[in-house]
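Just so we're on the same page: letters track the sequence lines, and every chain starts at 1. The figures that follow rest on heavy atoms only: side chains count, while hydrogens, waters and symmetry mates do not. Computed from a predicted model, the values in this text were never measured in an experiment.
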Amino acid sequence: MSKFFAQTGSDSEYESDIEEELEEVQDTNAGGAARYLPGASDSDDEDLRKRVVQPAKDKRFEEMVNTAEQMKNAIKINDWVSLQENFDKINKQLEKVMRITEAVKAPILYIKTLVMLEDFLNQTLANKEAKKKMSPSNSKALNSMRQRLKKNNKLYEDEINKYRESPETEEVKESEDGDTDDDGDEEEEDDFEEDVNVEAESEEEEDSNKGDPSWEKMLSKKDKLMEKLYNKDPKEITWEWVNQKFKEIVAARGKKGTARSELVDQLTHLTRIAKTPAQKLEILFSVISAQFDVNPGLSGHMPINVWKKCVNNMLTILDILVKYDNIVVDDTVEPDENETSKPEDYDGKIRVWGNLVAFVERIDTEFFKSLQSIDPHTREYVERLRDEPMFLALAQNIQDYFERSGDYKAAAKVALRRVELVYYKPQQVYDAMRKLAELVVEEEEDSEEPKEETGPPSSFIVVPEVVPRKPTFPESSRAMMDVLVSLIYKYGDERTKARAMLCDIYHHALVDNFATARDLLLMSHLQDNVQHMDISTQILFNRSMAQLGLCAFRVGMITEAHSCLSELYSGQRVRELLAQGVSQSRYHEKTPEQERLERRRQMPYHMHINLELLEAVHLICAMLLEVPNMAANSHDARRKVISKNFRRLLEVSERQAFTAPPENVRDHVMAATRALTKGDFQKAFEVLNSLDVWKLLKNRETVLGMVKDRIKEEALRTYLFTYSASYESLSLDHLAKMFDISENQVHSIVSKMMISEELHANWDQPTRCIVFHDVQHNRLQTLAFQLTEKLAVLAESNERAMEAKTGGGGLDLSSRRRDNNQDYAGGAGGGKWQDNNMAYSQGRQGYNGGARSGYGGNRSYGHGGQTREWSGQNRGTGGYGGRGGTGNRGMQMDGTSRMVSLNRGVRG
Amino acid sequence: MIEKRKKDLPHRLQNSISAVFRQSSADRLYIPLISGRDREIATMAESKENYDLTPRVAPNLDRHLVFPILEFLQERQLYPDEQILKFKIELLNKTNMVDYAMDIHKSLYHTEEAPPDMMERRGEVVARLKSLEEAAAPLVTFLLNPNAVQELRADKQYNLQMLKERYQIGPDQIEALYQYAKFQFECGNYSGAADYLYQYRTLCSNLERSLSALWGKLASEILMQNWDIALEELNRLKEIIDSKSFASPLNQVQNRIWLMHWGLYIFFNHDNGRTQIIDLFNQDKYLNAIQTSAPHLLRYLATAFIVNKRRRPQLKEFIKVIQQEHYSYKDPIVEFLACVFVNYDFDGAQKKMKECEEVIVNDPFLGKRVEDGNFSTVPLRDEFLENARLFIFETYCRIHQRIDMGVLAEKLNLNYEEAERWIVNLIRTSKLDAKIDSESGTVIMEPTQPNVHEQLINHTKALSGRTYKLVTQLLEHTQGQAAR
């Protein structure tokens, strides 16, 4: 071992790398590889090793040697024309050889030839008479040769100089090459080499005593040139040398036949021998870029081990940046050629080209992609999820670094990435992640400890791990979100802010902060703008809306929940809107291209919102709103539809001749609806209670309790609407008993209905009865009322049209609302947001009339309020007797266009 | 546009408000309280559940304006005397009223010795006063000379010119006047400060400074209890705030909130204040500000709505606001309204009414006492209760056909005879369409089914007005475009 790793460094990765390589070799040439295990370092073995022949590579070398021979001959006869030809040939062969051996350094043979050529050229040029005597073609070739050689030699200046300085050692090595390459080339040479070998060995012994790495480590022909790179005497390694190698390797990137992963390995090695921190940094950047390249194409994801290495590299970069704070990473200015040669104690800024944010984002994207494509039901998926803390640690560190260096804009971008990993996690999941993070790091520390002891011999720049490898999490996910989003709101750009806002809303909704989430949504006016944003943001918006709906339901705000969810369910495309699977459309065949695009947008499984729960919540909300509504307007059922979707489902289920026991969510809700219509609240609740999805709720009992209460309440209302005509009076006690509600509540509910004139009745206080008045309007009167309502809608739409034209400043909406003797219980609630007059009113038309009025008054019983809501809905249907006119229609189109635009995006 | 809106974020707002404080306090004359003290007040409020808003109100006030509140609290014995005295000293430490601070210190610790740092500070204050006085002297003497002052004209430019040429009074002196006034204010000499600030404003050309001076003037007038003048100043400030293009909407909101808080002193003392407060607070812009960052102001607005009959039509709007904000602010007065108008829970409303009474008595703004011989009454409380009762009764009658007088009396917190008298009065003044059946002891409401025709007319009445408005606006718009 000591021979191999004479210099005890501090990094053991190198060792393992070599081991890996060795294993690779073992795989490729199963025959002789066993010998190259690091333990076998006897000189016998070395001899044997040198004699291993690999035909394909040999052939190339042989060709090269032949060409060199031919050139020698040409020199002898002063034939520049053939020299020129051979020169071309040897260059081509050089390329092949280099490619095959993966070397970064030209073989000595080639250098030797170059030196020989150069010497001869100079000699010829000096000899003017001889030059004159040359044939025209010959002298022409000479001239061109002169220029080309000059150019060519510049590339290999170092080697040539080195060769010139110490032809012997080079000779030795070269002969070494020769030895292994052209095994049976010439007897003489072989003998000579044997001698040299002995010499070399003795030299090597000395070297290793001195603590230099030996060149003995050559493994096979394939690796040999690489090895030369690896085994370069550390003393000889200069900044220029490394820089040059680096450039060579980078130049090879993207060329045909350059194996991407090998490029990474080469560069990784270079990082170890980099001379200055800046250079190391520069090379590390290239390593990461190369790692990104390992997987071609957009569809696949980066191999996971490469991803991990990539993260580690990023951390190393950070280590360097933190340790040497005079190094600045920048991607705007092209830095000076020799910028990286500046030593670490250089005072002043060293600029290195690179973009940390882009790297972090790319790493995150790769993580996301891998989760997208791994089957979520496998262990692999879980394993992959466990890598998340690793990325969070990286992102956190980078963000810290940016904050320290004052680049808050970049910090905000990184913060967004962190937000997007956290926002969908409920507190329990978050806690689990925190625990995992600690566990993982402990494990890693355990396994890393020994590695640190030994290390690569030649890592010049040893960077201690200054940056913590462990993410730190605040106690609650909310706290973390708060810190991150406030940073983003302060410094982020538009898109970052919008996304952070949506994540914030989502998270607030997740922890049942409905009011805060709603305020954020309304104040940010995201509803109005979201259709102009990119698709992934739109998806995020849809997700937030869905979560907001669920949240509203959990806290018992049925109207709000319904307004949030109704639009998601207005088409049959929930899956598509939430990016949780592809919905099959009957009418549009998707092209493969579209499908691919859509697949790329899919949410990883662990981020999904449960669709069954969502559907259940939506339908239950619709049921609670729609059943009493239908009862109230039994004579005119087509008017005042709250949920079209629900009505349609109900129709379908009513058309069935036999009703089977409920199977899916929809059947359950329909069964409950049937029961509720009859006022049988108990059965309705039982049916709903039997749904499986409730187990997904964390506060299941309270939510079910709420559902039960609401069902009772709506059953009472439905009952009153339906049967009030048949009663002269109804006693409070009886009602309370019938619906199992406390008398106070019954009183309150009935009072509300009286005040809002839904129920034409009065209390008779001494007898505790409701006394009904018969005030049925006759047909003419009903029609007259309908007419006035339409007129009001018409007037309003006119005003809105006007407003849109004049820019909203003209009409004082709120004051008009006050003059208006209609009670806009539902409509005006957004007083808070009227400051932003224009946008507010747009929002009102825009997102969906129902949603906003729902937001407004919690439950609007005002007559006017309801018509308002309904009129909004009716406009949506667009089918009822041309109500509203074109202006309205247009607005409604606007309203739904957001969801549609997603689709447009899909197709476009 | 978007950026502007983003800044309106409510909850981010909370964080940034404190930032605004710190920013503006440097150059602002009249500094709102700083958070350290707040926290202490907050802890003191938490210990007692008495709906005391001081901790929430105080940060929006000037130091000096907090004194009346503390005085009130001391009088009501809501907190231990010692605590209040300590706060007072702390308050005073940042002002120049050192003598006062020393007095309090003495009474707090029962010593005759003032602490040396206070003595030291006293010296400093006196010295600074002297130097400022000197700096401002030329202008002050000028202003004291009535003949000279008469030379001033309405034209500010001219005045400046004139002062410079004839009296060698330049911007430096004017600036000194401002500093001097500020110092006077901090020393507690409010009338002096008010005078100087008034003069300063006539001469000042710097908008920012002028605004600052206006705030100072307002504070001085409030502290001197010149409510009429204060109201004028308030309106002036309001105009400036509404018209001035502030650097950020956030700043503007902040200014509005300050204005509303300061206005509380005026509104509940001025004769016409209760209408004014509704007019101010209920404007959309101000309502927004309340909702976003100072929901506790809803208490005062709610109270004003209850006691003020003239603004009844706006009440419905306000109820909606209350419903919307119920998650962020709760208060017996607000809850009372919710009980009556949202839940129709009359028993609850009655309970709340009792709580309201206590709240009003303990509120520094609402619970103003009037000494009447040996009695001290809180006029607002009586008024509030009367009106609240009426609210309950009105709504109650709307949904009932027959009410037992006994129950009604109970609900109204009156005895049977009083209730009967009260109702008879209502019927006589034709506020109530009902009859009393004394045999069964019930009130019978006349059925109030609105006529169908009436309803129809009601529904359509507004339409023509709206259409007219629309047409005129359209015309204006087109004319405006044509003119362009």
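Residue contact with chain A, scored on non-hydrogen atoms closer than 4.5 Å, involves the side chain of Thr442(B) exclusively. Heavy atoms closer than 4.5 Å to chain A are found in the side chain of Leu463(B), but not in its backbone. Residue contact with chain B, scored on non-hydrogen atoms closer than 4.5 Å, involves the side chain of Asn744(A) exclusively.
Every residue two or more places apart in sequence or in another chain that forms a side-chain contact (heavy atoms from CB on, under 4.5 Å) with Asp709(A) is listed here: Lys712(A).
Asp347(B) contributes atom CG, which lies 8.5 Å from atom NE2 of His747(A) (distance to the nearest 0.5 angstrom). With rounding to the nearest 0.5 Å, the separation of CZ in Arg398(B) from CD1 in Ile755(A) is 4.0 Å. Here the CG-OG distance, from Leu791(A) to Ser464(B), works out to 11.0 Å after rounding to the nearest 0.5 Å. Here the OG1 atom belonging to Thr788(A) is positioned 11.5 Å from the CD1 atom belonging to Ile457(B), to the nearest 0.5 angstrom. Between Ile770(A) atom CD1 and Gln401(B) atom CD the span is 12.0 Å, to the nearest 0.5 Å.
Shown here for Ala792(A) and Arg466(B), the closest heavy-atom pair between the two residues is O-NH2, 4.1 Å. When all heavy atoms of Ile399(B) and Ser751(A) are compared, the closest pair comes out as CD1-OG, 3.3 Å. The minimum heavy-atom distance between His400(B) and Asn762(A), with the atom names listed, is N-ND2, 3.8 Å. Heavy-atom minimum distance, Leu456(B) versus Ala784(A): CD1-CB, 3.6 Å. Scanning both residues, Val407(B) and Gln765(A), for their nearest heavy atoms gives CG2-NE2, 3.2 Å.
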Considering only distance and modelled atom types, tabulate donor-acceptor pairs under 3.5 Å from the side chains of residues 334-344 of chain B, sequence neighbours left out.
{"unit_1": "Glu335(B)", "atom_1": "OE1", "unit_2": "Lys352(B)", "atom_2": "NZ", "d": "3.0"}

